[in-house]
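Below: the structure, in C-alpha cells.
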There are 2 protein chains.
Amino acid sequence: MEKKLPTIKEIAQRLNISVSTVSRALHDHPSIGLRTKMQVKKLAEELHYVPNQTAIFFKQRKTYTIGVILPNLREEFFSLATSGIEDKAFENNYIALMGQSHDSIDREKTLVETMQKHRVDGLLVSISKNTSNVDHFQSLLQFNIPVVFFDRVPDVPNIHSVWCSLYHSSMEAIDFLIKKGHKRIGYIQGPDTLSIKNERLQGYLNGLKKNKIVHDPSLVVSSDFSAEGTQKAMDQLLALKNKPTAIITFNDYVALDAMQYVRKKKLKINKDLAFVSYANLPITHYLETPPLASVEQFPYDQGARAAELLFKLIDQKESSESHPFENVVLNSELVIIGQGK
Amino acid sequence: MEKKLPTIKEIAQRLNISVSTVSRALHDHPSIGLRTKMQVKKLAEELHYVPNQTAIFFKQRKTYTIGVILPNLREEFFSLATSGIEDKAFENNYIALMGQSHDSIDREKTLVETMQKHRVDGLLVSISKNTSNVDHFQSLLQFNIPVVFFDRVPDVPNIHSVWCSLYHSSMEAIDFLIKKGHKRIGYIQGPDTLSIKNERLQGYLNGLKKNKIVHDPSLVVSSDFSAEGTQKAMDQLLALKNKPTAIITFNDYVALDAMQYVRKKKLKINKDLAFVSYANLPITHYLETPPLASVEQFPYDQGARAAELLFKLIDQKESSESHPFENVVLNSELVIIGQGK
DNA sequence: AAAAATGATGCAAACGGTTGCTTGATTTGA
DNA sequence: TCAAATCAAGCAACCGTTTGCATCATTTTT
C-alpha cells in the first residue's frame, strides 16, 4: 500500500542521467543544458515530485521551524499572541510548532526537549506560572539555539525578551480613578508565585503616592483567578469598614467574576463600585456595564515582535555575528471603555 | 561560533569502537557487552549527546508531526479546538505545526504545500470560507498522508471528518422559544458563500414546521458578521410590520452586536426581543442580559476527536490496514443561559 | 579434542539531496 | 590547426543514524 514517493534518483534513472544533474536542473543551475532542464522538470511534474525536506533539513542543519511554548491557548491573550507569531512566521517562511505547558513545569520541560529533538531553529516561550528557574532552557543555549521569552518573562539576567510594561498605565489608571473622585481604590492581584516583575502593583503604589494618598495594605487582596477565589477577595474588600469605591483587577477575567458577584449583591457597577482592569479583551466592550477602563497589552504585537526578534537572532547566528541580549519593552495603554457616573 | 554538536561518530572515535556499537549501546541492544555499554553511556552523558532527530526522521520516514490549518486563532472557537488538538498530540507523542489561512484560499494552498514539505504524518483542516473545492489537498492523498477535516468540512464525498451537528439543537431552539410563547422568530444567518451544510437553517425551518408555524421568508436575513452588517440585518427585521419577538443568530458574536444595537434602540433584551445563538462562548455567561440560550458546539472536543481520528489513520497506514472514510458527528447541545420574561 | 553454540563487535549499505571537483565534448581564438 | 576557453554532465563524499549480515573469539557440548 505504502506508495513510495518519487525521488530525484528515480527521475535520474528514468532519464538515464545522474542524480546531481537532476538536482541541479531542478534548481536552475547554469551549468545544466536547457534541454535536460526541461526534460527533468517535465518528468518531475508528471511524477508529482516533491523534494524530501527531511533529507534537506538533515543536510542543511536547518529546519525553518520555530517552537512556541506558552501556558495555554484558551486564554485570548495567548491565542492572539500566537496569531501574531504565526503571521510573522509565515511572512518569513518559517512554521511554528505549538506546545501548551498548562502551567506545569514538567510539561514545559518535556516540550522543550521535544522542540529540541525536532531541531527547531529557535524558540519562543511564555513561561508557566510555576517556572521559577530556567535551567531547562540551558541545553538549548549550549546548542546555540536562540530563545526569546515574551510576556511572562523570567526574572533572570542575560536573556532575550519582549514584554509589555504595565507600570505607566497602572499609574495612569490611578490618576484616572482619582480624577473621577475616587480616594479608596482596591486592588485584586494574582497569587504571588509568579516570579515575574509585579508592575501592576508598583504602578498602583506609586500612583497613590504621586497623588498623595496613603496606601492602605488592606485594600490589596489576592485571587487565584478562579471565580471562588475572586469572590473571596471581593468579600475581603467589601468587609472593610472603610470600603473601596473603585477596584483594579489583575485582568478582565477577574473583573468579570468580580462584577458578576457584585451584581448579585445588588450593588450598582461603576456607581457604587467602579472597576478598572487589564487586558482590554474585545468582550468587555459588549458588556452593558463594562469596566470603566482596561489596560491594553497588545498580545498580537507582543507575539509578532517576539517572532521578529527571534528571526533576527537566527539570521545573526547564521552569519556568526555577535548578538547582545535584547529586551524589547512595549508600552501598554489605558483604554477608556465605560462612562460611569 | 556554530558549535558542532556531538554525534555517535564522535563517541565512537573517542572510544575506538564502531558507530554501530555506539548506536546499539545507547539502545540497550542485548548483544553489546556491559562494559562497553557503560562506557558509551557515560561519554554520551558527558558530551551532552542528543540524537539528531532530523537524521532519524529522515531515515524512518516519519516525523511525529501533524499539521493544523484553520481560518484563524483569534476566534475562540478555533483556539479552543487547537487546544484540544495540542493536548491529544502531546498525549500521543506528536507535535503540531500551526497555520492560519485567514480565509484566503491562496494562503491555505501555500500552507498545505509547506506542511507537505515538512513531511507531516497527517493533517487537520478547517477550511477557509472561500474554499469551494479540495483540489489542493489531492497531492497529500497521493502521498498517502491522511487528512481529517473538522468543523468547517467541505461538502464533498470520500473524506474523513469530524463535525458537530446543529440540526437537532436548532430545532430544540425553536421548541424552546415557542414554549416561551414566541410565534414570530427571526433568523440572522451568515453570507451564503459557505459551502458547508446549512444545518442551522434546516433546523430552523423544520422546527417551525414541526410546531405548525408557517415560515415567513422575510424573517430570515443575512449578515457578513461585521457589526455594521449585523445592524443592517437587525434593521431589516425591525422594519417589518409584523416584527419578530425572538431572534436566532448565527453565532454569539452576531448576537453580541445585535444585542448592543438593540440596547441603543432602547428595547429591552429578552423582554421586547429574545435572543438565542450558537457557540456558547464563556463570555455570554457574564453578560447582565445574556441570550436566553446558546448552542454549544464543543470546539475542544471537536479538535480532540479529530486528532484522535488522525492518529488512528496514521497507525492504520503504518500497519497497511484498510481505512474506510470515517465521519464523526458530535451532537450540539442547547444550553439555557438567561431567564428572560 | 573437534564441532557447535554463544557472545561481542565491526562492516557497509541505506535513507534523499547537495555540491566541490573532474571529465569529456564542443566551441572559440590566434 | 592546435591550445585554450566554455559548456554539460557525472563522480563521489557527506549529513547522522539504524540494521542485516559477517567476523572472530570464547565457551559449551558431545
Side-chain angles (χ1 to χ4, degrees), chain A residues 2-41 43-44 47-65 116-119 121 143-144 318, chain B residues 2-41 43-44 47-65 116-121 143-145 318:
Chain A
E2 179 73 35
K3 213 183 316 167
K4 258 275 303 261
L5 306 179
T7 65
I8 52 171
K9 197 185 289 182
E10 204 176 313
I11 297 178
Q13 275 172 358
R14 295 217 197 192
L15 294 177
N16 240 320
I17 56 180
S18 76
V19 288
S20 43
T21 302
V22 176
S23 173
R24 290 192 170 101
L26 291 171
H27 286 85
D28 274 323
H29 193 284
S31 82
I32 301 297
L34 193 59
R35 175 156 62 239
T36 317
K37 243 181 226 177
M38 302 279 275
Q39 280 181 34
V40 170
K41 288 189 178 176
L43 185 56
L47 297 178
H48 296 104
Y49 168 77
V50 174
N52 184 339
Q53 282 294 130
T54 64
I56 299 173
F57 291 157
F58 167 45
K59 178 135 228 279
Q60 297 190 168
R61 301 140 162 284
K62 179 155 166 68
T63 59
Y64 290 96
T65 303
Q116 187 168 308
K117 270 195 197 164
H118 280 250
R119 287 291 201 267
D121 295 333
F143 279 93
N144 206 16
E318 278 161 14
Chain B
E2 180 72 35
K3 213 182 316 168
K4 259 274 304 260
L5 308 179
T7 65
I8 51 173
K9 198 185 289 181
E10 202 177 315
I11 297 179
Q13 274 171 358
R14 295 216 198 194
L15 293 177
N16 240 320
I17 57 179
S18 75
V19 288
S20 43
T21 303
V22 176
S23 173
R24 291 191 171 101
L26 290 171
H27 286 87
D28 274 324
H29 192 284
S31 80
I32 301 297
L34 192 59
R35 175 157 61 239
T36 317
K37 242 182 227 178
M38 302 278 275
Q39 279 181 36
V40 169
K41 288 190 177 175
L43 185 55
L47 296 178
H48 296 104
Y49 168 77
V50 175
N52 184 338
Q53 282 294 130
T54 64
I56 299 172
F57 290 157
F58 168 46
K59 180 136 227 283
Q60 296 189 170
R61 304 144 155 282
K62 181 156 165 68
T63 59
Y64 290 96
T65 304
Q116 187 169 309
K117 270 195 195 163
H118 279 249
R119 287 292 201 267
V120 293
D121 295 333
F143 280 108
N144 207 15
I145 297 172
E318 277 161 15

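Chain letters run A, B, ... following the sequence lines, proteins first and then strands; every chain starts at 1.
B/T63 and A/T54 make their closest contact through CG2-CG2, 3.8 Å (heavy atoms, listed as atom of the first residue, atom of the second, distance). Contact record, B/F58 with A/A55: CE1-CB, 3.5 Å, taken as the closest heavy-atom pair.
Distance B/E10 CD to D/dC14 C1': 16 Å, rounded to the nearest Å. At whole-Å resolution of the value, CZ in A/R35 and C1' in D/dA9 are 13 Å apart. Spacing between atom NE2 of B/H29 and atom P of D/dC21 amounts to 13 Å, rounded to whole angstrom units. In this structure, CD1 of A/I11 is placed 11 Å from P of C/dT18, rounded to the nearest angstrom. Whole-Å rounding puts the A/M38 CE to D/dA8 C1' distance at 17 Å. Atom NZ of B/K62 is separated from atom C1' of C/dC15 by 17 Å (rounded to the nearest Å). Put simply, CD on B/Q60 is 17 Å from P on D/dG16, counting in whole angstrom units. Rounded to an integer number of Å, the gap from CG of B/L34 to C1' of C/dT9 is 15 Å.
Side-chain to base pairing of A/S20 with D/dC11: one donor and one acceptor N or O lie within less than 3.5 Å of each other.
Stacking of B/F58 onto the six-membered ring of D/dT17 is not present when judged by under 5.5 angstrom between centres and under 30° between planes.
Residue-level contact check: A/Y49 touches the backbone only, with heavy atoms under 4.0 Å from sugar-phosphate atoms and none from bases. Contact annotation for A/S31: base contact, defined as any heavy-atom pair under 4.0 Å involving a base atom. B/K9 comes within 4.0 angstrom of the backbone, heavy atoms only, and of no base. The residue B/I8 sits close to a base: some heavy atom pair falls under 4.0 Å.
Of the candidate nucleotides D/dT18, C/dG17, D/dA9, D/dT18 has the atom nearest to the side chain of B/I56. Among the nucleotides C/dT9, D/dA9, D/dG16, the one closest to the side chain of B/T21 is C/dT9.
The phosphate of D/dA9 has OP1 or OP2 within less than 4.0 Å of a side-chain N or O from A/T36. A close approach under 4.0 Å does not occur between any side-chain nitrogen or oxygen of B/R24 and OP1 or OP2 of C/dG10. Contact check, A/S23 against C/dT18: a side-chain N or O comes under 4.0 Å of OP1 or OP2. For C/dG10, one of the phosphate oxygens OP1 or OP2 lies less than 4.0 angstrom from a side-chain nitrogen or oxygen of B/S18.
Judged by closest nucleotide on DNA chain D, A/G33 is the one of B/N52 and A/G33 placed further toward the 5' end. When the nearest nucleotides of DNA chain C are assigned to A/Q53 and B/N16 by heavy-atom distance, the more 5′-ward of the two goes with B/N16. Between B/R119 and B/V22, the residue whose closest nucleotide on DNA chain C is further toward the 5' end is B/V22.
For the atom pair CD (A/Q39) and OG1 (A/T36), the distance works out to 6.0 Å, reported to the nearest 0.5 Å. If you take CG on B/D121 and CZ on B/F57, they are separated by 8.5 Å, rounding to the nearest 0.5 Å. Here the CD atom belonging to A/E10 is positioned 9.5 Å from the CG atom belonging to A/L5, to the nearest 0.5 angstrom.
Of the possible polar contacts, none joining the A/H27 side chain to the A/H29 backbone as a donor-acceptor pair under 3.5 Å is found.
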